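First comes the structure, then the notes that go with it.
Computed from a prediction, not measured in an experiment: that's the story for all the values here. Chain letters run A, B, ... following the sequence lines, proteins first and then strands; every chain starts at 1.
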Amino acid sequence: MSKTKVQFTDDQFIDGLRTGSNEILTALYKKYYNLVLKFIVNNSGSEQAAQDIYQETMIVLYENVQKPAFALNCQLQTYVYSVAKRLWLKQLKKNGKTFLFKDDIENELVDVSEDINDHLNKETDIEKMNKSLSELGEPCGTLIKDFYVNRLSMDDIAEKFGYTNADNAKNQKYKCLQRLKKYFFEHEITSIETEKEKNENDRFI
Amino acid sequence: MRTTDLFDNYLNQSLTAEEKVNFEQQLTSEPALNKAFKEHKQLIAALQDHSKREDLKEALTTIHAKEFASGAKIIPVNSDNFRKGFGRTAAIAATTALIAVLSTIALLSAGGYLLKQQNTQLSELNRKVLKLEASSDAIIENITKPKVVYAPANLEGSAFALNNKGYIITSYHMVKGADSIFIQNNLTQRTLTRLVLTDPTLDLADLKIYDANKVLNWQVPFSLKEKATEVGEKVFTLGYPRQDMVYGEGSLSSLSGYSNDTTMYQVSIPVNPGNSGGPLLDDNGNIIGVIRGKLTSSEATGFAVKAHEIIKSFKSIGADSTKQELLAQGKKVSLKNMKRSEQIKKINPYVFNVLVYKKD
């Protein structure tokens with residue numbers, strides 16, 4: 001009987017994230033949640049805030065791992081902690097708070113600013129897309145996603161949405177795409193920050 | 001061809017070599033086209049990123065709900081967690097508490113799950129947990145530990161340990177379509193498992209406990225018996241038709257089960273909803289089968305899948321590490337020549353209540 005705990009190495013986590021393994025994602029999520037929870041709660045955050053920050057941390061990690069050039073040059077734990085800390089700091093600043101952090105592993109931070117900046121740049125476009133898609137409405141949103149994300153053929157789309165043939169579906173897709181484009185580029189950088197402000201319901205002491 | 005189609009075809013690499021060269025030349029010579037193309041790329045990238053992000057968020061939220069909200073972690077209801085994320089759990093807690101006051105009777109459905117559509121004689125024995133269920137134990141728990149609240153499972157039944165590696169056997173019909181599966185008993189706190197293997201023809205499912213720490217000290221005192229058991233032998237079962245473990249005994253009455261199915265034994269043990277997935281043991285404490293169902297027309301006619309059929313099923317899977325682990329059965333403790341009550345004390349820690357959660 002072996003006494004070794006079923007554990008994944010940092011490399012296994014990274015490979016698993018690259019291949020989209022749900023098992024790895026679950027194991028990873030479980031592994032560092034308490035670390036981040038403790039940090040946020042110790043630094044005037046609620047459990048809900050910790051969950052939000054941790055989710056964003058996982059997204060940053062996930063997205064950066066997908067880059068071919070990504071290389072982890074520290075322990076995964078240090079990376080996760082550093083990202084979570086940066087994101088929380090940003091959040092606190094936005095709320096006009098400054099804090100002296102209570103850190104457990106203060107000297108074990110790595111510079112993750114580049115990874116976070118990549119994430120935030122992407123975030124801007126994703127927020128715009130989110131808004132544009134809700135303005136676009138249905139069936140346009142689904143149709144566009146079926147073509148560009150799910151890679152359905154025009155024949156499949158015609159059948160799914162009840163168009164008489166692929167050409168009609170193609171026309172419809174074109175009209176939808178033009179509208180989406182209009183909304184998307186109208187928004188530019190506008191409402192992202194205010195939108196976030198609205199969702200802000202963390203309680204600060 | 002519309003410009004956007006040209007863009008799409010270029011990005012999908014479905015242009016011919018010649019078209020591709022032409023298009024790239026156009027891009028350099030026509031700034032307006034170049035700008036439109038860049039915008040198109042940005043738009044499509046944002047669309048794809050948005051989709052990916054939404055999927056990821058959903059996956060993470062599901063993981064969180066599963067691992068930290070619906071059971072694996074104790075949620076203090078009266079703190080400031082009473083918010084968006086935990087609101088649902090808290091609402092269920094409130095409902096449970098209210099009903100606990102109103103009713104002290106556990107409402108169990110009568111195990112109406114039917115194995116074969118054309119015939120309604122054999123009912124499988126999962127315990128469908130009604131939303132209104134509140135046993136006296138739950139009430140006491142609510143009074144003494146008002147902060148610990150789990151969402152009620154959609155389905156409950158029995159299970160038992162296969163070996164010291166944390167593998168658990170239960171019935172397939174219990175876990176079919178499950179979203180998450182927990183096990184618990186008096187000694188093992190509620191813990192999450194994952195589905196390792198299913199064999200619908202034997203109604204067999206194999207789970208594994210996620211947390212390897214939980215099984216470090218395991219000494220499973222029984223194993224699957226490879227030899228067939230004779231008619232007339234004394235047999236017994238342990239299971240969770242309700243929140244506490246219940247013992248049932250009888251004898252092996254036939255070497256074939258429901259409609260002459262030779263993968264099953266018939267036993268004269270009164271089994272109830274919730275017994276599904278429990279172990280069937282012989283006098284010496286060997287596992288000879290897994291309780292699967294009973295005749296709806298008779299209270300004391302149960303059916304169990306034969307242990308050696310299960311071993312056969314394990315052997316039929318391709319060679320991999322899981323197969324080795326499933327077949328590893330080493331037991332150090334023997335239950336032979338022990339008094340029944342002593343046997344049960346040894347077996348008790350390795351028989352579990354299964355809690356199955358399904359989406360909607």
Under 4.5 Å from any heavy atom of chain A - which part of Thr61(B): both
pair Arg194(B)-Glu23(A): side-chain heavy atoms closer than 4.5 Å: yes
Please lay out, stage by stage, how Lys30(A) and Asp211(B) fare under the test side-chain contact (heavy atoms from CB on, under 4.5 Å). CA-CA 11 Å; Lys30(A) 275 166 76 177; Asp211(B) 186 352; 5.9 Å; no
Just verifying a value: how many Å separate Phe184(A) CZ and His50(B) NE2, rounded to the nearest 0.5 Å? 10.5 Å
For the residue pair Leu177(A) and Leu43(B), establish whether any side-chain heavy-atom pair is separated by less than 4.5 Å. yes
Glu19(B) atom CD, over 12 foreign heavy atoms within 6.0 Å: yes
By a 4.5 Å heavy-atom criterion (distance strictly below it), what part of Tyr54(A) contacts chain B: side chain, backbone, both, or neither? neither
I want to check something: taking the side chain as every heavy atom from C-beta on, are Gln42(B) and Phe185(A) in contact at a cut-off of under 4.5 Å? yes
Determine, step by step, whether Tyr33(A) and His64(B) satisfy the side-chain contact (heavy atoms from CB on, under 4.5 Å) criterion, reporting the C-alpha distance in whole Å, the side-chain angles of both residues, the deciding distance to 0.1 Å, and the verdict. CA-CA 9 Å; Tyr33(A) 177 67; His64(B) 190 95; 3.3 Å; yes
Mark yes or no for whether Gln48(B), through its side chain, and Tyr148(A), through its backbone, hold a donor-acceptor pair below 3.5 Å. yes
If we only count heavy atoms from C-beta on, is the Met58(A) to Ile63(B) side-chain gap below 4.5 Å? no
Nearest heavy-atom contact between Arg2(B) and Lys170(A) is NH1-O, 4.3 Å
Highest number of heavy-atom pairs under 4.5 Å with chain B among Ile144(A), Asn130(A), Leu133(A), Asn150(A) belongs to Asn130(A)
Tell me, do Gln178(A) and Thr4(B) make a side-chain contact under 4.5 Å, heavy atoms counted? yes
Could you tell me whether the side chains of Asn12(B) and Arg151(A) share a donor-acceptor contact shorter than 3.5 Å? yes
Contact class of Leu60(B) relative to chain A, heavy atoms under 4.5 angstrom: both
Return the minimal non-hydrogen interatomic distance between Leu47(B) and Met129(A), and the atom names on each side. N-CE, 3.6 Å
Is Glu123(A) paired with Arg53(B) through a side-chain N to carboxylate O contact shorter than 4.0 Å? yes
Please look at Lys52(B) and chain A and tell me whether the side chain, the backbone, both or neither of the residue comes under 4.5 angstrom of a heavy atom of that chain. neither
N-O pairing of Lys173(A) and Asp8(B) below 4.0 Å: yes
Please say whether more than 12 non-hydrogen atoms of neighbouring residues, nucleotides or ligands are located less than 6.0 Å from NZ in Lys20(B). no
